[in-house]
Colleague: 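Can you keep this structure in mind? I'll have questions shortly.
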There are 2 protein chains.
Amino acid sequence: MARKSRAGSNRPTLADVASAAGVSAITVSRTIRSPGIVSEKARRKVQEAIARLGYTPDPAASALASRSSSTIGLLVPSLTNNVFSDVLRGVYDGAQGTRFFVQIGNYRYSALEEEGLIRTFLSQRPAGLIVSSMDQTPEGRRLLQAAPCPIVQIMETGDAIDMSVGFDQLAAVRAGARHLRDRGYRRPGFISARMDPRAQRRLGAFRDVTAACGQLDEARILTTPQPSSVGIGGHLLEQLLARAPDTDAVMCNNDDLAVGALMEAARRHIKVPDQLAICSYNDIEMARHMVPALSAVATPRREIGSRAIAMLLDEIGAPGSVTERHVDLGFEMIAREST
Amino acid sequence: MARKSRAGSNRPTLADVASAAGVSAITVSRTIRSPGIVSEKARRKVQEAIARLGYTPDPAASALASRSSSTIGLLVPSLTNNVFSDVLRGVYDGAQGTRFFVQIGNYRYSALEEEGLIRTFLSQRPAGLIVSSMDQTPEGRRLLQAAPCPIVQIMETGDAIDMSVGFDQLAAVRAGARHLRDRGYRRPGFISARMDPRAQRRLGAFRDVTAACGQLDEARILTTPQPSSVGIGGHLLEQLLARAPDTDAVMCNNDDLAVGALMEAARRHIKVPDQLAICSYNDIEMARHMVPALSAVATPRREIGSRAIAMLLDEIGAPGSVTERHVDLGFEMIAREST
DNA sequence: CGCGATAATGACAGCGCAATCATTTTGTGC
DNA sequence: GCACAAAATGATTGCGCTGTCATTATCGCG
């Protein structure tokens, strides 16, 4: 339990390894970064010396000398939202075992904070960047365009700066809305929290579909700027039913909301799906285990993360080598018991 | 959509700012890092030059020269587990606006992977480290002890290396078990996934309490090495009831499991809490919104994160200044409808 | 006004590695 | 066995910043 002493460490350096192995420093550097161009004999000597001295490279020195760090920046709008924790897992699993570190920046759904983070990340000369939207500020977009590293924009399809991995969010919402219509529901509502630009666009897609079949009723659309949560889902359904008691289906912009709505329905002894259908969005693990099991538009969050990091690593390894630069991973409308 | 050009950037350096401001480089460095010791006049000149040139410091060069980076390492066993996403939020919110970056390492409940990450993180000369347990390998522990930076171990109380923030996990489980007993349940079970050392110890605490009042029955204890999830919670309850159908209460080692158990009970038309009580552990937001609302041992995850980063930043700023080096944040048994 | 004390500033070197280009060694074909 | 190409290795330099210590400006006080 003693306080730590802050003794100066005497870590071995490249030069130490070099003299121990009887080669020059640069040969050591090369055996580490590109073993292929070093002779079998030298490589063995160096590796032996590295192991014996317990050498680990100093990433700061490497970054300074090469003008590029081994950091990969990942910008997300939220750490709470389950959607991004799945993406995160995909990214981390893909970065596992490489020489790259992932550094997360949370811009809390603020484009201004995002711009600041872009600036901060770029000052680190990252090896690559993954950003969670196409909705940067003009300045943020300019910074990304000028960045000397590959960039993957995730979650959506659309006008990407460099590369992108996502799916058509609007088509996904439309699929949910059509599913409700096809199941015979005629008075569908929509609830959403945290109206960031993407949520706004999804609501637009819902309006389009319901308007097209004459079912659009603004009284059934309820949103709040608060962050999404199970509790908020319950509240939103409560308010929706107060305003439009004959609503017979509700499209939820998020799994949290759907679970909250489902619980609120249970509390009010509203039968799901007979009296009220609930359709969820994203389909986190929990959704399928609810009673009744939640129908949902399933989105490939984990795959987005792992594909994004894979593309980035490829492109970092060999710039220009990634030919499929814009990937649409699709989505799936999964009907379960709640509709 | 065009591919990015990889043009060499011509970022301004400290020296550029210095000559633009008519001072020496070191003065610029000081106005950035400790403005207090620079004269008003010089500071204004420098700040003006920084703004005019759009200068941003190069963290790699800084790290190399000062032998300490502005990275704070955060080691967690899982990115999936909601518990850690709350901790993460606390940490990120606390690091917001400082000059430090948080870098997450996920060791996937493997002490060996953790040891590797400790090594990797230390090679970056981090400003500080937050680690999620006291269960390092001997070598991992040695590395931490020798590390030239402050370290906070989180989640538990106990034999910490440098500083710690947590609560008494065993007392927390005992509180849950006693709560069930006090409510009159006599045949309590226990379900747990992912039996890491901490989960093992918590199970031990449950055994202690139930044995003390003659209610211990190993047939009612069910564990699995699989990761925790809502689905697993349902399965575990199913198996538990198959083995010991008269079980009248179940302590769940995690909110996921509790929700899964609750849903499984609903599926089987088992009345909660009349036929079966369910007590959860951690109390994520969702728990209180279930129907029936889940009783839970609430743990201060977010506070652990924010307190840990605060202690770390204090100690980095002024080594030795943190006097309360071992903080117990406590827990709370919250009785709701499910018991 | 002058002395010592303190605050403010600067010169210089070096942190550990990789880019560049020069040099040496090895391999190839006839 | 030789000329040549290709592979392997090395010497030097500098990335951008901060630590150290020396130097200069500023202040308080008798």
Colleague: Can you name the salt bridge (Lys or Arg N to Asp or Glu O under 4.0 Å) partners of A:Arg33, sequence neighbours left out?
Modeller: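 Listed in chain order: nothing, the list is empty.
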
Colleague: With A:Glu139, which residues qualify under salt bridge (Lys or Arg N to Asp or Glu O under 4.0 Å), at least two apart?
Modeller: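 Only A:Arg119, A:Arg142 meet the salt bridge (Lys or Arg N to Asp or Glu O under 4.0 Å) criterion with A:Glu139.
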
Colleague: What parts of residues 40-51 of chain A reach DNA chain C, counting only heavy atoms under 4.0 Å away?
Modeller: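 Those residues: none at all.
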
Colleague: With sequence neighbours excluded, what pairs up with A:Arg30 under the salt bridge (Lys or Arg N to Asp or Glu O under 4.0 Å) test?
Modeller: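 Partners of A:Arg30 by the salt bridge (Lys or Arg N to Asp or Glu O under 4.0 Å) criterion come out as none, since no residue qualifies.
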
Colleague: Who pairs with A:Pro12 by side-chain contact (heavy atoms from CB on, under 4.5 Å), at least two apart in sequence or on another chain?
Modeller: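 With neighbours one apart ignored, the set is A:Asp16, A:Leu53, A:Tyr55.
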
Colleague: With a cut-off of 3.5 Å and sequence neighbours excluded, list every side-chain donor-acceptor pair involving residues 302-309 of chain B.
Modeller:
residue	atom	partner	partner atom	Å
B:Arg302	NH2	B:Asp93	OD2	2.5
B:Ser306	OG	B:Arg302	O	3.3
B:Ser306	OG	B:Glu303	O	3.3

Colleague: Can you tell me if B:Gln124 and B:Ser69 form a side-chain donor-acceptor pair at under 3.5 Å?
Modeller: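 No - no donor-acceptor pair under 3.5 Å links their side chains.
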
Colleague: What is the per-nucleotide protein-contact pattern of nucleotides 15-21 of chain D, from the 5' end, where B denotes a base atom under 4.0 Å from a protein heavy atom, S denotes such proximity for sugar-phosphate atoms only, and - denotes neither?
Modeller: BBBBB--

Colleague: So how far off straight is the helix from C:dC1-D:dG30 to C:dC30-D:dG1, going by the axes through five pairs at either end, to 10°?
Modeller: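 Here the helix ends are tilted 10° relative to one another.
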
Colleague: May I ask you to evaluate whether B:Thr27 reaches the phosphate of C:dT9, defined as a side-chain N or O under 4.0 Å from OP1 or OP2?
Modeller: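 So the side-chain polar atoms of B:Thr27 never come under 4.0 Å of the phosphate oxygens OP1 or OP2 of C:dT9.
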
Colleague: Quickly work out the A:Asp16 CG to C:dG16 P distance and round it to whole Å.
Modeller: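 Taking CG of A:Asp16 and P of C:dG16, I get 9 Å after rounding.
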
Colleague: Is the phosphate of D:dA25, meaning OP1 or OP2, less than 4.0 Å from a side-chain N or O of B:Ser39?
Modeller: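 No, outside the criterion.
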
Colleague: To the nearest angstrom, how far is A:Ile37 atom CD1 from C:dA18 atom C1'?
Modeller: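 Atom CD1 in A:Ile37 sits about 12 Å away from atom C1' in C:dA18.
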
Colleague: Please name all residues satisfying side-chain contact (heavy atoms from CB on, under 4.5 Å) with A:Ala65, sequence neighbours left out, ordered by chain then number.
Modeller: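 Counting only residues at least two positions away or on another chain, A:Ala65 forms no side-chain contact (heavy atoms from CB on, under 4.5 Å).
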
Colleague: Could you note down all residue pairs passing side-chain hydrogen bond (donor to acceptor under 3.5 Å, both in side chains) where residues 56-67 of chain A supplies at least one of them, sequence neighbours left out?
Modeller: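 Sorted result for residues 56-67 of chain A: A:Asp58-B:Arg125.
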
Colleague: Which residue pairs satisfy the salt bridge (charged side-chain N to carboxylate O under 4.0 Å, His left out) criterion with at least one member in residues 126-135 of chain A, sequence neighbours excluded?
Modeller: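 For residues 126-135 of chain A, and leaving out neighbouring residues, the salt bridge (charged side-chain N to carboxylate O under 4.0 Å, His left out) pairs sorted by first residue read A:Asp135-A:Arg201.
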
Colleague: Which residues satisfy the salt bridge (Lys or Arg N to Asp or Glu O under 4.0 Å) test with A:Arg44, sequence neighbours excluded?
Modeller: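 Here the qualifying residues are A:Glu40.
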
